[in-house]
Colleague: 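Handing you this structure, nothing more for now.
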Amino acid sequence: MRQVTTHNSRIAWRRFDCSKSPLHLEATLRTGQSFRWCRDANGVWWGTIESVGVALWQPDGEPYGDLYWQTFPEPDLWEVVEDYLQLRTDLESLYCRWSFAEPRLAEVFRAFAGLRVLRQPPEECLFAFLCATTNTVTKIERSVRYLAERYGARICTGLDKPATLFAFPSVSALSAADERDLRAGLWGYRAPFVIKTAQKLLQKPQGWLRALRDVPYAEAHEALLEFPGVGPKVADCVCLFALDKWEAVPVDRHIYRLGVRLFLPHFEGRSLTPRLYKAVAEAFRERFGPMAGWAQQTLFYAEAGLYRRPDKESSRQRRF
DNA sequence: CAGGTC
DNA sequence: GCTGG
């Protein structure tokens with residue numbers, strides 16, 4: 001654990017070696033699973049995990065290189081970082097299994113090695129994906145950021161750079177939010193979903209949502225469907241990104257297109273109905289096993305083309 | 001046209 | 001069918 005100094009801020013960096021199990025930080029934080037991470041001019045990623053502020057930095061973005069990290073205001077909360085990034089999950093054995101099951105995709109898994117599914121705070125994840133329906137990643141990011149800065153508590157970093165970060169708002173703060181205010185904050189028709197879901201969540205016992213981590217996938221998925229604005233797709237996102245349901249496969253239009261093309265060609269051309277949603281998700285689980293959701297996340301990144309800079313050309317050419 | 005839901 | 005790139 002040596003000290004490293006960046007240009008315009010002094011951070012007492014801690015170091016973690018990713019040579020044995022990779023972490024592709026940019027792909028992980030920019031895959032459309034978490035929406036509030038920002039990269040500054042020095043290449044440092046800033047975000048929050050519950051009430052903890054976090055700085056992450058990967059020199060040259062090398063997935064098998066070193067990860068530098070620190071927490072704020074309380075320093076050295078490694079377990080918070082490790083848990084969130086799921087750094088104990090052995091990806092190499094997964095890539096081996098997936099590539100054996102689906103050789104056509106081996107190259108893709110290798111190309112984005114180190115892309116991890118996060119283990120997010122369940123409440124932030126649920127509310128973020130309430131806003132993800134028929135929306136763009138860029139706009140979701142702005143919307144969730146708006147929620148945090150408007151209704152969330154400040155986290156003091158003690159630095160001049162990001163002097164403060166914002167914790168995601170409490171459920172009670174969201175339940176009392178003004179609908180017109182939310183509509184203006186880019187949430188549009190989703191605004192009442194946020195307020196009603198927050199109010200419904202307040203009726204539950206303390207820690208109810210998080211406790212879904214300890215029940216089977218089907219049960220957790222079913223429980224989430226009772227909230228307004230939550231359908232099968234959003235429920236799968238929360239299951240996968242926050243509730244440890246790694247067999248959950250969110251099927252959006254990108255995953256649907258890829259799944260039909262590769263696994264269910266006889267469905268080519270048909271629209272995404274609940275029945276075909278289930279069929280594609282099952283096809284993923286049959287091939288990739290109990291961690292099918294992780295395979296899905298890499299393929300989503302590739303299929304949705306999130307990795308290429310927002311350049312106008314480079315038409316959608318499929319290499320797989 | 002965008003990581004769907006009511 | 002809410003909104004913006």
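Excluded from the calculations below are hydrogen atoms, water molecules and symmetry mates; all remaining heavy atoms, backbone and side chain alike, are included. Each chain gets a letter, A, B and so on, in the order the sequences are listed, and its residues count up from 1.
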Colleague: If a pair means Watson-Crick or G-U wobble with both distances below 3.5 Å, what does DNA chain C look like in dot-bracket form, with | marking bases paired to a different strand?
Modeller: ..||.

Colleague: Is there a donor in the side chain of A/D90 and an acceptor in the side chain of A/Y95, or the other way round, less than 3.5 Å apart?
Modeller: no

Colleague: Find which nucleotide of DNA chain B each of A/V230 and A/V137 is nearest to by heavy atoms, and output the residue with the more 5' nucleotide.
Modeller: A/V137

Colleague: Can you measure from CZ (A/F109) to CG (A/L115) and round to the nearest 0.5 angstrom?
Modeller: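 Spacing of CZ (A/F109) from CG (A/L115) equals 10.5 Å.
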
Colleague: Applying salt bridge (Lys or Arg N to Asp or Glu O under 4.0 Å), name anything that partners A/E82, two or more places apart in sequence or on another chain.
Modeller: A/R88

Colleague: For A/Y146 and C/dG4, what is the distance between atoms OH and C1' respectively, to the nearest whole Å?
Modeller: 16 Å

Colleague: What's the CD-P distance between A/E226 and B/dC6, to the nearest Å?
Modeller: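 That distance rounds to 12 Å.
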
Colleague: Which whole-number value in Å describes the distance from A/R190 CZ to C/dG1 C1'?
Modeller: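 After rounding, the reported distance stands at 10 Å.
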
Colleague: Using the rule given for salt bridge (Lys or Arg N to Asp or Glu O under 4.0 Å), can you reason through A/E179 versus A/R190, listing the C-alpha separation, both sets of side-chain angles and the distance that settles it, and then say yes or no?
Modeller: CA-CA 10 Å; A/E179 183 176 326; A/R190 307 173 186 91; over 6 Å; no

Colleague: Donor-acceptor pair under 3.5 Å: do we get one between A/Q297's side chain and the base of B/dG3?
Modeller: yes

Colleague: In terms of the nearest nucleotide of DNA chain B, which residue is placed more toward the 5' end: A/F241 or A/F193?
Modeller: A/F241

Colleague: Under 3.5 Å, is there a donor-acceptor pair linking the side chains of A/Y189 and A/T133?
Modeller: yes

Colleague: Under 3.5 Å, is there an N or O donor on one side and an acceptor on the other linking the side chain of A/K139 and the base of C/dG4?
Modeller: no

Colleague: Under 4.0 Å between a side-chain nitrogen and a carboxylate oxygen: does that hold for A/E102 and A/R287?
Modeller: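 Answer for the salt bridge query: yes.
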
Colleague: Whole Å only: how far is the CZ atom of A/R257 from the P atom of B/dC1?
Modeller: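 The distance from CZ of A/R257 to P of B/dC1 comes to 12 Å, rounded to the nearest Å.
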
Colleague: Would you state whether a donor and an acceptor, one from the side chain of A/Y189 and one from the base of B/dG4, lie under 3.5 Å apart?
Modeller: yes

Colleague: Please name the residue in the list A/W37, A/W57, A/F72 that meets the ring-ring contact (aromatic ring centres under 6.0 Å, His included) test with A/W46.
Modeller: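 The ring-ring contact (aromatic ring centres under 6.0 Å, His included) with A/W46 is passed solely by A/F72 among A/W37, A/W57, A/F72.
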
Colleague: For A/Q58, what residues pass the side-chain contact (heavy atoms from CB on, under 4.5 Å) criterion, not counting sequence neighbours?
Modeller: A/L23, A/L25

Colleague: Go nucleotide by nucleotide along DNA chain C from the 5' end; which of A/R142 and A/T133 gets its closest nucleotide reached first?
Modeller: A/T133

Colleague: Would A/R36 and A/E141 pass as an ion pair if we require N to O under 4.0 Å?
Modeller: no

Colleague: What nucleic acid atoms does A/T31 come within less than 4.0 Å of, heavy atoms only: base, sugar-phosphate, or nothing?
Modeller: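 Since a base atom lies under 4.0 Å of A/T31, the category is base.
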
Colleague: Indicate, with a heavy-atom threshold strictly under 4.0 Å, whether A/G32 touches base, sugar-phosphate, or nothing.
Modeller: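 Base, at least one base heavy atom under 4.0 Å.
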
Colleague: Using only heavy-atom distances, determine whether the side chains of A/S271 and A/Y256 contain a donor-acceptor pair under 3.5 Å.
Modeller: no

Colleague: Between P on B/dC6 and CG on A/L224, what's the gap in Å once rounded to a whole number?
Modeller: 12 Å

Colleague: So which one's nearest nucleotide on DNA chain C is more toward 5', A/T138 or A/W187?
Modeller: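 Result: A/W187.
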
Colleague: Evaluate the ring planes of A/F288 and A/W98, with Trp represented by its six-membered ring, and classify them as parallel (under 30°), tilted (30 to 60°) or perpendicular (over 60°).
Modeller: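 Perpendicular.
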
Colleague: Can you measure A/L240 atom CG to B/dG3 atom C1' for me and round it to whole angstrom units?
Modeller: 12 Å

Colleague: For residues 119-130 of chain A, which residues have at least one heavy atom under 4.0 Å from DNA chain B?
Modeller: none

Colleague: Roughly, in whole Å, what's the span from CD in A/E141 to C1' in C/dT3?
Modeller: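 So the two atoms are 16 Å apart, to the nearest Å.
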
Colleague: For DNA chain B, determine which residues of residues 266-295 of chain A have any heavy atom closer than 4.0 angstrom to one of its atoms, and list them numerically.
Modeller: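 Nucleic-acid contacts, sorted: none.
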
Colleague: Rounded to the nearest angstrom, tell me the gap between atom CD in A/E179 and atom P in C/dC2.
Modeller: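 Spelled out: CD on A/E179 to P on C/dC2 is 12 Å.
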
Colleague: Going by salt bridge (Lys or Arg N to Asp or Glu O under 4.0 Å), name the residues that satisfy it together with A/D83, two or more places apart in sequence or in a different chain.
Modeller: A/R119

Colleague: Answer yes when A/R210 and A/E123 have at least one side-chain N-carboxylate O distance shorter than 4.0 Å, and no when they do not.
Modeller: no

Colleague: If you look at every strand shown and take non-hydrogen atoms under 4.0 Å, does A/F227 touch a base, only sugar-phosphate, or nothing?
Modeller: sugar-phosphate

